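When a ligand or atom number is given, it counts from 1 through the structure's own listing order. What you see is a predicted model; the values in this text were computed from it and never measured.
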Amino acid sequence: MITNWIETTSQKYPLFIGQGIIKHLNSIIEKVQLSPSSILIITDEKVGSYYLNDILGLFQNRKNVYHYIVPCGEKAKSIDTFYRCHTYALSNGLDRSSLIIALGGGVVGDLAGFVASTFMRGIPFIQVPTTVLAHDSAVGGKVGINHELGKNMIGAFYQPRAVLYDMNFLQTLPFDEIRSGFAEVIKHSLIHDKTFYHLLKSNVNEPNELTLSFLQSAIEKGILIKASVVSQDEHESGLRAILNFGHTLGHAIEGYLGYGNISHGDAVAIGMLYAIKVSEKVYQKDLGYMTFYTWFDKLGYPVNILRTLPSNELIKWMKKDKKVKSGEIRMVLLFEVGSVEIKSVSEELLLSILLEMGE
Ligand code: NAD
Ligand code: GLY
């Protein structure tokens, strides 16, 4: 079991990563000095069907262990499900010393974390991620839900007390979800580490090369990059926004298609391709757009999806991005592999590139 520390201004917490480490959940709860009066596990239907009994088994000597199962997918990040979690917690007498365990992917992590951040003004929670994508979402303390007018628009910065990432959970993850999560790994390489990018590019050229053993090391590296950014700027006053590389268009695609109709990582992959093309125009240099396009295509990302989406509508959604300032769209641009910056980009340029990629 490898332990890294995630250090932010508000909290320092351990990240445990390895195979089969879920069995240490009780000792980890003690290690982070929690002695909860009750525990609420929040999970989704699919993850629950695979793993809930195992977790409940670990807690058989504890009293007051509850679980609440939410629907699978993005639709669970809704005000409705959020409210139901609170109702369940209140009905079962959770109190200020209770602990919430988020068992699932990014959806459960974001939702359960937001419930924890708001229940009686905040109770501790532990992230137990079960997807590749959640290597990103479980670290850094962004928790929240969607509004029908914009993704992740209701939320908080609220750090977990620990992150326990058991790689064995990934054995049941369908390939499409592995690919989705790998997009965020690619993102971490592009924003920060050229060598890491070349390692990914040279090792993973076909879907079947996304093996669990390769993913474990890539995930660890991705988490360290995320942790380093978050430790410098927990509340996104500046630097942290680079983690949104690919998300301006990515979130717009998710919003336009309706939450859950495209995976987050697939949308971010297309958003990264778009950001690379925009960067080539802004910096007037060749960043290898076609190489990225071919690579993403081979891995199965929907590289031609913009042909089916109305550019004007996507621009409207992009204007709802949290980085927008005084109506100007600001995007994370790739200056070179491993280095990004945030720049305002004119609507005219953004539209022309959407139209070009949609041809
Ligand atoms: P998800 O949580 O919906 O999981 C994807 C699917 O995989 C679901 O159907 C789930 O039931 C299933 N699943 C999960 N674990 C499984 C397992 N081990 N075996 C089999 N099936 C499993 O989606 P996700 O891609 O993990 O997360 C996406 C969400 O994360 C988005 O809402 C996104 O906004 C959010 N996100 C948040 C942050 C952050 O910093 N908070 C960062 C990136 C993404
Ligand atoms: N995924 C963006 C962030 O954590 O800031």
>> Considering non-hydrogen atoms of the protein only, which is the closest contact for atom 41 (N) of ligand 1, and what is the distance?
In response: K142 O, 2.8 Å
>> Within the 4.0 Å heavy-atom shell around L243, which atoms of ligand 2 are there?
In response: 2 (C), 3 (C), 4 (O), 5 (O)
>> Looking only at distances, can you tell me whether any N or O atom of H247, backbone or side chain, sits closer than 3.5 Å to an N or O atom of ligand 2?
In response: no
>> Checking a contact table here: which protein heavy atom is nearest atom 5 (C) of ligand 1, and how many Å away?
In response: E177 OE1, 3.3 Å
>> Give the atom numbers and elements of ligand 1 that come within less than 4.0 Å of a heavy atom of F169.
In response: 17 (C), 18 (N)
>> Does the residue G73 have a heavy-atom contact with ligand 1, meaning some pair of atoms that are separated by less than 4.0 Å?
In response: yes
> Should the proximity of L133 to ligand 1, defined as any heavy atom under 4.0 Å, be assigned to the side chain, the backbone, both, or neither?
Replying inline: side chain
> If you count the atoms of ligand 2 from 1 in the order shown, which ones are under 4.0 Å from a heavy atom of K142?
Replying inline: 2 (C), 3 (C), 4 (O), 5 (O)
>> Taking 4.0 Å as the limit for heavy-atom contacts, which would you say applies to H264 with ligand 1: side chain only, backbone only, both, or neither?
In response: side chain
> Between Y51 and F169, what is the ring plane arrangement, given parallel below 30°, perpendicular above 60°, and tilted in between?
Replying inline: perpendicular
> Atoms of ligand 1 less than 4.0 Å from K151 heavy atoms?
Replying inline: 31 (C), 32 (O), 33 (C), 34 (O)
> Quick check: does any side chain N or O of S279 sit under 3.5 Å from a backbone N or O of L334, one acting as donor and the other as acceptor?
Replying inline: yes
> Any idea which protein heavy atom is nearest atom 4 (O) of ligand 1, and the distance to it?
Replying inline: T131 CG2, 3.7 Å
> In the single-linkage hydrophobic clustering (I, L, V, M, F, W, Y; side-chain heavy atoms under 4.5 Å), do V70 and I100 co-cluster?
Replying inline: yes
> Ring centroid separation for F119 and F114, is it under 6.0 angstrom?
Replying inline: no
> Hey, which atoms in ligand 1 end up nearer than 4.0 Å to a heavy atom of K46?
Replying inline: 9 (O), 11 (O), 21 (N)
>> Counting non-hydrogen protein atoms only, what is the nearest one to atom 30 (O) of ligand 1? Give residue, atom name and distance.
In response: G106 CA, 3.3 Å
>> With respect to T172, determine whether any N or O atom, backbone or side chain, lies less than 3.5 Å from an N or O atom of ligand 1.
In response: yes
> Please walk me through it: do I41 and Y68 pass side-chain contact (heavy atoms from CB on, under 4.5 Å)?
Replying inline: CA-CA 6 Å; I41 303 161; Y68 189 72; over 6 Å; no
>> Distance under 4.0 Å to a non-hydrogen atom of E184: what atoms of ligand 1 satisfy this?
In response: 43 (C)
> So, S189 side chain and F196 main chain: donor-acceptor pair closer than 3.5 Å or not?
Replying inline: no
> At a non-hydrogen distance cut-off of under 4.0 Å, which region of D136 contacts ligand 2 (side chain, backbone, both, or neither)?
Replying inline: side chain
> Is E328 close to S326 at the side-chain level, that is, under 4.5 Å between some pair of heavy atoms?
Replying inline: no
>> Using the rule given for side-chain hydrogen bond (donor to acceptor under 3.5 Å, both in side chains), can you reason through E74 versus H264, listing the C-alpha separation, both sets of side-chain angles and the distance that settles it, and then say yes or no?
In response: CA-CA 9 Å; E74 197 65 33; H264 180 67; 5.8 Å; no
> Should the proximity of K226 to ligand 1, defined as any heavy atom under 4.0 Å, be assigned to the side chain, the backbone, both, or neither?
Replying inline: side chain
> So, K343 side chain and L333 main chain: donor-acceptor pair closer than 3.5 Å or not?
Replying inline: no
> What protein heavy atom sits nearest atom 22 (C) of ligand 1, and how far away is it?
Replying inline: L173 CD1, 3.5 Å
> Can you check whether K201's main-chain N or O pairs, donor with acceptor, with N205's side chain at less than 3.5 Å?
Replying inline: yes
> Can you check whether H247's main-chain N or O pairs, donor with acceptor, with N244's side chain at less than 3.5 Å?
Replying inline: no
> Is the backbone of G338 close enough, under 3.5 Å, to the side chain of D193 for a donor and an acceptor to pair up by distance?
Replying inline: no
> Judged by atom type as modelled, is there a donor-acceptor pair below 3.5 Å linking the side chain of Y66 to the main-chain atoms of Y88?
Replying inline: no
>> Test of understanding: given a 4.0 Å heavy-atom threshold, classify the contact between S137 and ligand 1 as side chain, backbone, both, or neither.
In response: both
> Going by the atom numbers of ligand 1, which of them fall below 4.0 Å from some non-hydrogen atom of N152?
Replying inline: 34 (O)
> Can we call the ring centroids of F16 and Y165 under 6.0 Å apart?
Replying inline: no
> With backbone taken as N, CA, C and O and side chain as the heavy atoms from C-beta onward, which portion of D110 lies under 4.0 Å from ligand 1: side chain, backbone, both, or neither?
Replying inline: side chain
>> Tell me the contacting part of Q171 for ligand 1: side chain, backbone, both, or neither, using a 4.0 Å heavy-atom threshold, strictly below.
In response: neither
> How far is atom 10 (C) of ligand 1 from its nearest protein heavy atom, and which residue and atom is that?
Replying inline: D44 OD2, 3.2 Å
>> Under 3.5 Å between any N/O of K226 and any N/O of ligand 2: does that happen in this structure?
In response: yes
